[in-house]
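First comes the structure, then the notes that go with it.
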Amino acid sequence: MQCCVALFLAVCHQSSAGVVTYSKSSPLVIVTQPSASLQEKLAAKELAAWLEKIVSQPIKQIQTTVAPHNSIVVGQGTLARQLLPKLNWENLDDEEVVIQSVGSSVVIAGGRPRGTIYAVNRFLNRQGVRWWTPWATTVPHKSVLQWKGLSIRETPTFEARDPFWFHAFDRDWARRNNSNSMHSRLTEEDGGKITYEGFVHTYYPLVPTSKYFSVHPEWYSEINGKRTGENAQLCTTNPALRDFVVDQVRSLLEKNPSVRIVSVSQNDCYNPCQCEKCRALYQAEGSESAGVLSLANYVAEKIEKDYPKVAIDTLAYQWSRHAPKSMKPRPNVIVRLCSIECGFSKPLTDPSNSTFMKDVVDWSRLTKRLYVWNYVTDFPNYMQPFPNWFVIGPNERFFADNGVKGLFEQGAYQSYGSSMAELHAWVQAQLLWNPHQDDRELIREFLKGYYGKAAPHIETYMNLLANKASKTQMGIWVGPDAKFFDAKTILMCEKYWQEAEKAVSKEPEVLWRVRIGHLALRYVILSRWVQLRRDAQQYGLKWELPESRKVVADDWIKLAKSPGPVGWSPITMMNESGYTPEQWIKRFEFDPLPPTPVNRVKENSLPKDIVVPDGAKTVVVQDDEAKLYNEGDWAEFRQDVFASDHAAARLAGTNHEWAFQLPALKLPEQIFKGKWKVYLVARVEPGADLTKTAFTAGVYSEDSQKGLGGASPTCVEMGKNYRSVLLTTTSLSKGSYVWAAAADSNSKAVWIDRVVFVQDK
Ligand SMILES: [Zn+2]
């Protein structure tokens, strides 16, 4: 019935001006023009193919110089120019989009090389076509299509758009989602892409130390009065070095004329040059970035005349992040500012990220070509939920509002399957085109389009986790023990994913997508299995998973390594260093013993073997305040009548990791004043050789990245009973912690009762 009404309307409008209508009785013609570029031909082909999918009918493509009735004219040829004579065709940006109704035609065109391709993408988006991933697309089905009064001109907000996720490198996905990432497999036919030479960290590649350090040590960083060619930078104020870099860049450009950006950027380490001249420059400009920028500016000036379309790219990264006071990047210099130190559970405009926010504002005052290298995944744990979903939109808007022109969103780029990668890449691609879209709406749209009926459950999960994480500082190196993953939250999340799977249990394709999404949470659950079970027991939380860890682990690896749909391939890497699923899953070969409930008695008195000077304060901390790593395998809490509170942390002698860690943050404030003697109260189950080390323990400072002392008693020294072992006398900071490790098979086990701090007088 509806169909007839629509058909009737279509016929009525067929003859009216400014309307293009497709229906069975009113065919549509797609027109390419004789002068069509390679990219415009591809755009027309794409348009026809997707419209055909929408209407389930063939759509005719012709080449002509006269616009037929009811046609879509693709590309900026003679016919399009006749139809839109007032448009300033010569001034269209390379990526600009034109969609315009004229008479009984629509012109879909744009700048060259990529504009028409993007115009077709945008036009098809308006019809409801979505390319979620290389393996999932939404195409609406309609029998009638009608367009009138279209008048659209768009240019992307960011000139460099790189949603840097593994599946986003797919040629078709990248083109259809308007990415121009240099890492994508886009070809000339797709309109090409941003082309870098070198991409990043090019100081040593441009001036190889193996070749030049012995002859020109003065070209390299001076550190503590000595020139060094290792783990350092270049002496960017050295005139001969500068000219040498210019020559190197020129020869690169001669070899590869299609390059548009050449990276002249610092190595991925610290140690900028400290020679007198360099230091004077840093001092005058108030930042070490002045050294980096002065070299980039010099090279840019020298190549400008011969290569007017080429830009020199440099970094504002770690030690060079702050903008110089007055030194301006030349117009052909791109500064890429990196957000590596920021927290991503809150937007970059949050006060906790204020120094970076200031850097964005400061740099944007100096240059019109500021790019940002942003971080959108958890680098040591690609598989782990990283609840930054709701800050992506605000961050991109913040960049856009501050004149940022290029955005590299570094996600998990080495494998499929990382947490929410599908959502990230698609939402980011849409926002890179126009960050002022409603990002929450885009997220909802993706969830609905990709996960179908499971969407509301997944959205609830995202809301819960993002809300928890927003109360913490979430850098890009958080582990499965992150603060926001408390047992209650994790088990709630598990429930939402189980509900999500149930909602689509009869749709195998969508169910597979949901199950892949669920792997991220299961990664955390498997990593912390015993501790979660213990917490569930302790807090009366319902355990709605199998009893066996091995069953969950087997299920996990089976899915991770299964072939999946066309366009997908099994998961191969779980972090940036290339850790594989096969390596990880080995940890769960055997089922750990279920945690036994531990009853503790209240006990605060001091161990008898500790002598406390008159008036000295003491702090006694029981073992259950510590974090146990790989609980169930490396360590666990057990009943022990010999321990002061009748329970202790037992470290298995089968490994030598720092399985027991007590963070100073858990201690009362007074501990951070003055020096303290730190005692570990422990006993050992000795191994065969009593003269060997029973365990090692100490205090470590994360702030200074240094050990603050420790002890490694032998089994003989420890004897049979609990003993207080003095680890060190030290001052403690909030980033310090007490650690202990069993000494790898020299003892069968180490039992830790408590840690005692005695003020040093
Ligand atoms: Zn120097």
Side-chain angles (χ1 to χ4, degrees), residues 197-253 261-304 311-330 332-338 340-341 355 359 362-363 366-367 369-371 373:
E197 177 64 50
F199 197 58
V200 76
H201 305 312
T202 55
Y203 274 5
Y204 283 168
L206 284 168
V207 193
T209 43
S210 55
K211 226 168 154 183
Y212 299 102
F213 185 71
S214 56
V215 261
H216 290 295
E218 75 282 6
W219 287 2
Y220 297 87
S221 280
E222 184 187 305
I223 305 295
N224 299 327
K226 233 181 112 188
R227 295 286 169 175
T228 173
E230 251 177 76
N231 262 322
Q233 312 293 340
L234 299 175
C235 178
T236 56
T237 56
N238 182 295
L241 175 273
R242 290 176 168 216
D243 287 330
F244 180 78
V245 174
V246 172
D247 291 345
Q248 292 288 75
V249 168
R250 278 183 181 280
S251 82
L252 288 172
L253 286 169
I261 305 174
V262 182
S263 165
V264 178
S265 61
Q266 71 202 54
N267 298 322
D268 197 2
C269 57
Y270 283 73
N271 289 330
C273 184
Q274 299 299 324
C275 80
E276 216 183 305
K277 206 168 157 192
C278 285
R279 265 191 297 131
L281 179 64
Y282 309 154
Q283 217 154 36
E285 287 290 342
S287 169
E288 283 159 328
S289 62
V292 175
L293 183 58
S294 69
L295 175 62
N297 271 347
Y298 186 83
V299 178
E301 188 183 354
K302 294 285 173 191
I303 62 146
E304 200 164 44
I312 298 298
D313 169 284
T314 198
L315 291 177
Y317 172 56
Q318 295 180 330
W319 51 270
S320 64
R321 223 185 71 189
H322 303 319
K325 268 185 215 155
S326 62
M327 184 188 287
K328 282 195 170 182
R330 295 185 66 81
N332 59 337
V333 166
I334 292 167
V335 174
R336 256 191 306 177
L337 175 60
C338 308
I340 196 160
E341 299 89 353
T355 58
D359 290 336
D362 288 351
W363 278 108
L366 296 174
T367 173
R369 284 197 88 180
L370 179 60
Y371 283 17
W373 183 311

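One-based numbering, in listed order, for ligands and for the atoms of each. Just so it is clear, the structure is predicted and the values come from calculations on it, not from any experiment.
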Which residues satisfy the ring-ring contact (aromatic ring centres under 6.0 Å, His included) test with Tyr203, sequence neighbours excluded?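 ring-ring contact (aromatic ring centres under 6.0 Å, His included) list for Tyr203, sorted by chain: empty.
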
Which pairs with one or both residues in residues 276-297 pass ring-ring contact (aromatic ring centres under 6.0 Å, His included), sequence neighbours excluded?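 The answer is none; no pair qualifies.
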
Do the rings of Tyr220 and Phe213 sit parallel, tilted or perpendicular, given the 30° and 60° boundaries?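 Answer is perpendicular, since the angle exceeds 60°.
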
Using side-chain hydrogen bond (donor to acceptor under 3.5 Å, both in side chains) as the criterion, list what pairs up with Ser214, not counting sequence neighbours.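 None.
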
Can Ser263 and Arg336 be counted as having a side-chain donor-acceptor contact under 3.5 angstrom?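 No, no side-chain donor-acceptor pair sits under 3.5 Å.
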
Below 2.8 Å of the Zn ion (ligand 1), tally up the protein N/O/S atoms for me.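 Counting protein N, O and S atoms closer than 2.8 Å to the Zn ion (ligand 1) gives 4.
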
Would you check if the side chain of Asn297 reaches a backbone N or O of Lys328 as a donor-acceptor pair within less than 3.5 Å?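 Between the backbone of Lys328 and the side chain of Asn297 there is a qualifying donor-acceptor contact (under 3.5 Å).
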
